[in-house]
Visitor: 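Take a look at the following structure, please.
Residue numbers start from 1 in every chain, and the chains themselves are labelled A, B, ... in the order their sequence lines are given, proteins ahead of strands.
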Amino acid sequence: MRRQIVDAGFCRASLEENERGVSRIAFWESAGGSSKPAGLAARLKKYFDSDNVDFSAVKLDLGDATKFQRKVFAITRKIPYGETRTYGWIARKLKTSPRAVGQALKKNPVPVIIPCHRVVSSEGVGGYSGGLDLKVKLLKLEGALE
DNA sequence: TCATTCAGCGTAT
DNA sequence: ATACGCTGAATGA
């Protein structure tokens, strides 16, 4: 398993990948520091620099995700950069409830690559496991939010 | 147009 | 069996 740190100004991210694919991304607050991104890490960095980076081909290792969660993740990955969908929109596609969708998204092990921040509530932005402020920042970064 | 309520469904316990 | 959410629709004022 390989682990890299991406420094992105308003936050830092750790990126883990193994032979099966990317397994986890986690964020934390940043206050300086350094790293040398390469490969996918470089693309993540580019994304944080406000570029439209396409992660749709990135291989993922979803680990212990349930079947339902995988379905939600698959749909979420197809939401284009700069666009949003509602929990209800995904729920209708899967014939389930919006709440169940939120539950599943909360378990997303690889934010950004699976863009769960693009899934918002019908009124407002909804929640985010990495902190609501980060969700808002990502959406603004993509121009999906004023 | 708000503010509450509650239906609905996957998970955790 | 039961309680809880990254919700949303219905209800009531």
Side-chain angles (χ1 to χ4, degrees), chain A residues 1-18 20-31 33 35 37 40-146:
Chain A
M1 196 268 284
R2 209 154 69 94
R3 180 184 163 125
Q4 298 173 88
I5 306 301
V6 182
D7 198 336
F10 61 76
C11 76
R12 284 220 266 168
S14 82
L15 166 61
E16 297 176 9
E17 50 188 329
N18 58 32
R20 299 164 58 90
V22 177
S23 55
R24 179 165 298 275
I25 287 183
F27 300 112
W28 67 91
E29 295 307 315
S30 114
S35 60
L40 179 55
R43 293 162 65 200
L44 248 190
K45 169 109 176 125
K46 214 172 160 229
Y47 171 83
F48 285 125
D49 284 340
S50 201
D51 277 318
N52 179 351
V53 179
D54 176 24
F55 294 109
S56 63
V58 177
K59 274 266 198 184
L60 298 179
D61 175 12
L62 263 21
D64 60 337
T66 66
K67 204 149 192 185
F68 176 75
Q69 285 160 5
R70 287 167 198 269
K71 283 195 245 175
V72 174
F73 294 161
I75 291 178
T76 303
R77 280 194 91 176
K78 294 186 188 140
I79 304 174
Y81 182 96
E83 293 185 29
T84 60
R85 298 291 185 273
T86 64
Y87 296 98
W89 184 86
I90 292 179
R92 285 191 293 276
K93 278 182 93 79
L94 290 176
K95 294 192 175 63
T96 181
S97 87
R99 263 184 119 152
V101 172
Q103 291 276 34
L105 288 176
K106 181 165 60 174
K107 302 274 180 39
N108 177 12
V110 267
V112 178
I113 294 187
I114 293 176
C116 59
H117 60 279
R118 295 179 191 147
V119 184
V120 300
S121 137
S122 67
E123 280 241 348
V125 277
Y128 196 61
S129 62
L132 202 54
D133 54 333
L134 179 56
K135 181 172 187 174
V136 170
K137 277 172 184 160
L138 292 178
L139 288 173
K140 285 184 178 169
L141 189 69
E142 299 188 2
L145 216 61
E146 33 82 29

Visitor: What is the distance, rounded to the nearest whole Å, between atom CG of A:L105 and atom P of B:dC9?
Guide: 17 Å
Visitor: On DNA chain C, which is the earliest and which the latest nucleotide, 5' to 3', with an atom closer than 4.0 Å to a heavy atom of chain A?
Guide: C:dC4 to C:dG8
Visitor: Verify side-chain contact (heavy atoms from CB on, under 4.5 Å) between A:F73 and A:L60, making sure each step is shown before the conclusion.
Guide: CA-CA 11 Å; A:F73 294 161; A:L60 298 179; over 6 Å; no
Visitor: Which heavy atom in A:T84 sits nearest to a heavy atom in A:A144, and how many Å separate them?
Guide: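 Looking at all heavy atoms of both residues, the shortest contact is CG2-CB, 4.0 Å.
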Visitor: What's the gap between C:dC6 and B:dA3 when it is taken at their P atoms, as a whole Å value?
Guide: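 To the nearest whole Å, 22 Å.
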Visitor: Quick one: are A:V22 and A:D61 in side-chain contact, heavy atoms under 4.5 Å?
Guide: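 Heavy-atom side-chain distance check fails, nothing below 4.5 Å.
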Visitor: If you compare all heavy atoms of A:V53 against all heavy atoms of A:R43, which two are closest, and at what distance to 0.1 Å?
Guide: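 Answer, listing the atom of A:V53 first, then A:R43: CG2-O, 3.6 Å.
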Visitor: Base, sugar-phosphate alone, or nothing: which one does A:S129 contact when heavy atoms must sit under 4.0 Å apart?
Guide: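 Since a base atom lies under 4.0 Å of A:S129, the category is base.
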Visitor: Report the distance from atom NZ of A:K95 to atom P of B:dG10, rounded to the nearest whole Å.
Guide: 13 Å
Visitor: Determine, stepwise, if the pair A:Y87 / A:S97 fulfils side-chain contact (heavy atoms from CB on, under 4.5 Å).
Guide: CA-CA 8 Å; A:Y87 296 98; A:S97 87; over 6 Å; no
Visitor: Taking all non-hydrogen atoms of both residues, which atom of A:N18 and which atom of A:S23 are closest, and how far apart?
Guide: ND2-CB, 4.3 Å
Visitor: Hey, which of A:I114, A:N108, A:L44 is the one that makes side chain to side chain contact (heavy atoms under 4.5 Å, CB included) with A:I25?
Guide: A:L44
Visitor: Rounding to an integer number of Å, can you tell me how far A:Q103 CD sits from B:dA12 P?
Guide: 9 Å
Visitor: Do A:Y47 and A:E142 have a side chain donor and acceptor closer than 3.5 Å?
Guide: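 A donor-acceptor contact under 3.5 Å links the two side chains.
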Visitor: With a cut-off of 6.0 Å (strictly less than), are more than 12 heavy atoms of other residues, nucleotides or ligands near CZ of A:R70?
Guide: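 Yes.
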Visitor: So which one's nearest nucleotide on DNA chain C is more toward 5', A:R92 or A:Y87?
Guide: A:Y87
Visitor: Examine B:dT11: is either OP1 or OP2 under 4.0 Å from a nitrogen or oxygen in the side chain of A:T66? Give yes or no.
Guide: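 Answer is yes, contact under 4.0 Å.
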Visitor: In whole Å, I'd like the distance from the CD atom of A:Q69 to the C1' atom of B:dG10.
Guide: 8 Å
Visitor: Once you round it to whole Å, what is the distance between C1' of B:dC9 and NZ of A:K107?
Guide: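 After rounding, the reported distance stands at 13 Å.
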Visitor: Go through DNA chain B and write down every stem, that is, every run of at least three consecutive Watson-Crick or G-U wobble pairs with distances under 3.5 Å, as range with range.
Guide: B:1-7 with C:7-13, B:9-13 with C:1-5
Visitor: Can you tell if the side chain of A:F68 reaches within under 4.5 Å of the side chain of A:T96, non-hydrogen atoms only?
Guide: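 SC-SC contact between A:F68 and A:T96 confirmed.
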Visitor: Can you sort out which residues in residues 109-128 of chain A have a heavy atom within less than 4.0 Å of DNA chain B? Ascending by number, please.
Guide: none
Visitor: Check whether any side-chain heavy atom of A:L141 sits under 4.5 Å from a side-chain heavy atom of A:L139, and report yes or no.
Guide: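 Side chain of A:L141 against side chain of A:L139, heavy atoms only: no contact under 4.5 Å found.
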Visitor: Scan A:K135 against the nucleic acid and name what it touches under 4.0 Å (heavy atoms): base, sugar-phosphate only, or nothing.
Guide: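 Contact class for A:K135: base.
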